[in-house]
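Numbers here are sequence positions counted from 1. Because the structure is predicted, anything quoted here is derived from the model rather than measured.
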Amino acid sequence: MSAPTGTAAPVRPGATAPHPRLSVNQATIKYATLPEALDTVRRAGVGAIGTWREPVAELGLADAVRRVADSGLRVSSHCRGGFFTLPEGTARQRALDDNRRAIDETAALSAAGAAGSAPVLVLVAGGLPAGSRDLTGARSRVADALAALVPHALDTGVQLAVEPLHPMYAADRAVVSTLAQALDLAAPFPAAAVGVVVDTFHVWWDPALAASIARAGAARRIASYQVCDWTTPIAADPLLSRGYPGDGHVDFGPVTDAVVDAGYSGDVEVELFNQAIWDTPPADVVARVVASFAEAVPLPR
């Protein structure tokens with residue numbers, strides 16, 4: 001992936017200058033509409049945003065594409081597709097059709113973004129179907145779904161990015177738990193069509209992480225690098241336990257060094273699911289993201 005380019009609004013005097021590769025994933029400012037999110041990120045001097053399907057759908061794709069183009073921001077990824085561990089049947093077919101629409105959205109938003117935008121659709125595999133304990137079967141259906149989607153991904157120039165989630169989500173959200181598993185799923189397909197996401201929240205604990213990142217880099221499959229911290233105690237809803245970089249237990253230095261050494265040169269997203277952060281004014285959140293990223297994530301400029 002080529003180094004990101006593009007321009008952003010001037011930084012306020014005295015404010016921390018955003019890293020040129022920093023991207024704010026829209027989930028971090030969940031309650032902002034897409035126009036509000038674009039404006040907030042741009043005003044903070046950040047050059048890129050990761051978009052989400054729901055705010056795009058609320059606005060309408062055509063209007064969303066126009067707003068992204070007018071913002072001057074890069075699009076670092078589009079979230080999210082996946083959730084296709086269902087057995088054969090109507091519901092599974094609907095999920096695959098919806099993923100094809102997500103691929104089309106990704107292509108359109110990326111094309112509208114500033115130079116350096118990444119046509120990357122993040123995929124969360126899905127958990128076990130209701131009543132099932134068959135992890136092997138569910139993972140096999142993820143592989144089948146990728147095979148079904150790859151032709152459309154290649155036709156549109158979109159890279160499907162398989163995101164492994166922490167094992168605590170294996171039952172209900174993602175049967176893919178390690179970067180190595182994600183790479184095994186991607187391996188049968190061209191790297192241009194299927195890559196992986198390195199998200200520190202989900203993979204920081206993995207003793208094989210460094211080797212898996214090196215493997216991903218050698219295969220040119222790092223589609224996205226996301227940074228946020230693991231904070232304790234875990235929230236009652238474990239989805240909401242992410243913290244600003246530097247607020248928790250993740251050592252971002254070795255992970256970031258491994259990703260850089262693996263050749264990844266794209267945008268780096270901060271994606272935070274945290275109710276207290278969501279309840280904070282978006283401009284304050286983005287300012288904190290900029291500062292915490294500068295302090296905790298040793299990414300070369």
Side-chain angles (χ1 to χ4, degrees), residues 1-2 4 23 25-26 48-54 56-57 61-62 64-65 68 74-86 88 91-113 115-126 138-165 174-176 179 181-199 215-226 262-267 269 271:
M1 183 177 292
S2 61
S23 174
N25 187 285
Q26 194 178 354
I49 190 169
T51 54
W52 271 71
R53 297 192 68 196
E54 291 82 359
V56 168
L61 181 58
V65 164
V68 167
R74 301 183 300 276
V75 177
S76 53
S77 73
H78 190 45
C79 293
R80 63 188 180 223
F83 292 93
F84 33 47
T85 53
L86 293 167
E88 290 298 330
R92 179 176 176 82
Q93 189 56 53
R94 283 199 299 264
L96 291 173
D97 290 343
D98 186 56
N99 273 271
R100 293 186 181 95
R101 288 190 291 272
I103 290 170
D104 292 337
E105 292 169 16
T106 304
L109 291 164
S110 175
S117 293
V120 169
L121 174 62
V122 175
L123 300 182
V124 174
R139 288 171 179 150
S140 177
R141 288 190 290 275
V142 175
D144 293 343
L146 290 173
L149 295 173
V150 158
H152 193 52
L154 289 171
D155 286 345
T156 55
V158 169
Q159 188 179 32
L160 307 174
V162 181
E163 181 174 14
L165 268 58
V175 296
V176 180
L179 191 58
Q181 288 175 330
L183 288 166
D184 288 346
L185 286 164
F189 309 107
V194 185
V196 297
V197 180
V198 179
D199 183 332
R215 175 186 167 194
R220 303 182 64 84
R221 292 196 188 270
I222 302 178
S224 178
Y225 180 37
Q226 296 180 336
Y264 180 74
S265 58
D267 286 314
E269 292 187 359
E271 182 188 50

field: Test side chain to side chain contact (heavy atoms under 4.5 Å, CB included) applied to Leu165 and Val176, step by step
entry: CA-CA 6 Å; Leu165 268 58; Val176 180; over 6 Å; no
message: I'd like to know whether Glu163 forms a side chain to side chain contact (heavy atoms under 4.5 Å, CB included) with Asp199, so could you lay out the CA-CA distance, the side-chain angles of the two residues, the decisive distance to 0.1 Å, and finally the verdict.
response: CA-CA 8 Å; Glu163 181 174 14; Asp199 183 332; 2.9 Å; yes
message: Determine whether Leu149 and Phe84 satisfy the following criterion, side chain to side chain contact (heavy atoms under 4.5 Å, CB included), listing intermediate values before the conclusion.
response: CA-CA 11 Å; Leu149 295 173; Phe84 33 47; 3.7 Å; yes
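In this structure the side chain of Asn25 reaches within 4.5 angstrom of the side chain of Gln226, judged on heavy atoms. Residues Leu183 and Arg221 are in side-chain contact: their nearest non-hydrogen atoms beyond the backbone lie under 4.5 Å apart. The shortest distance between side-chain heavy atoms of Arg80 and Leu121 does not fall below 4.5 Å. Side-chain contact between Val122 and Leu160: absent, with no pair of heavy atoms (C-beta onward) separated by less than 4.5 Å. Here the side chains of Val65 and Leu109 are in contact, with some heavy-atom distance below 4.5 Å. Contact of the Arg141 side chain with the Leu86 side chain is not registered, since no non-hydrogen atoms from C-beta on lie closer than 4.5 Å. Counting only heavy atoms from C-beta outward, the side chains of Cys79 and Glu271 approach each other to under 4.5 Å. Within the 4.5 Å cutoff, side-chain heavy atoms of Leu146 are placed close to those of Leu123.
With respect to Asp97 and Arg94, no salt bridge is recorded, no charged nitrogen being found less than 4.0 Å from a carboxylate O. Using a 4.0 Å cut-off between charged nitrogen and carboxylate oxygen, Asp98 and Arg101 count as a salt-bridge pair.
Between the side chain of Ser110 and the backbone N or O of Thr106, no donor-acceptor pair lies under 3.5 Å. A donor-acceptor pair under 3.5 Å is absent between the side-chain atoms of Arg74 and the main chain of Ala115, judged by distance alone. Between the side chain of Thr156 and the backbone N or O of Ala153, at least one donor-acceptor pair lies under 3.5 Å.
Between Arg139 atom CZ and Asp184 atom CG the span is 10.5 Å, to the nearest 0.5 Å. We find the OG-OH distance between Ser265 and Tyr225 to be 14.0 Å, quoted to the nearest 0.5 Å. Going from atom CG of Asp267 over to atom OG of Ser117 covers 8.0 Å, rounded to the nearest 0.5 Å. Going from atom OG of Ser224 over to atom NE2 of His78 covers 13.5 Å, rounded to the nearest 0.5 Å.
Scanning all heavy atoms of the two residues, the minimum distance from Gly126 to Thr85 falls at O-CG2, 3.6 Å. The minimum heavy-atom distance between Ala191 and Arg220, with the atom names listed, is CB-O, 3.6 Å. Scanning both residues, Val120 and Ala161, for their nearest heavy atoms gives CG1-CB, 3.7 Å.
Between Glu269 and Ser76, the side chains place a donor N or O and an acceptor N or O closer than 3.5 Å (distance only, hydrogens not considered). Looking only at atom types and distance, the side chain of Asn99 has no donor-acceptor partner in the side chain of His152 under 3.5 Å away.
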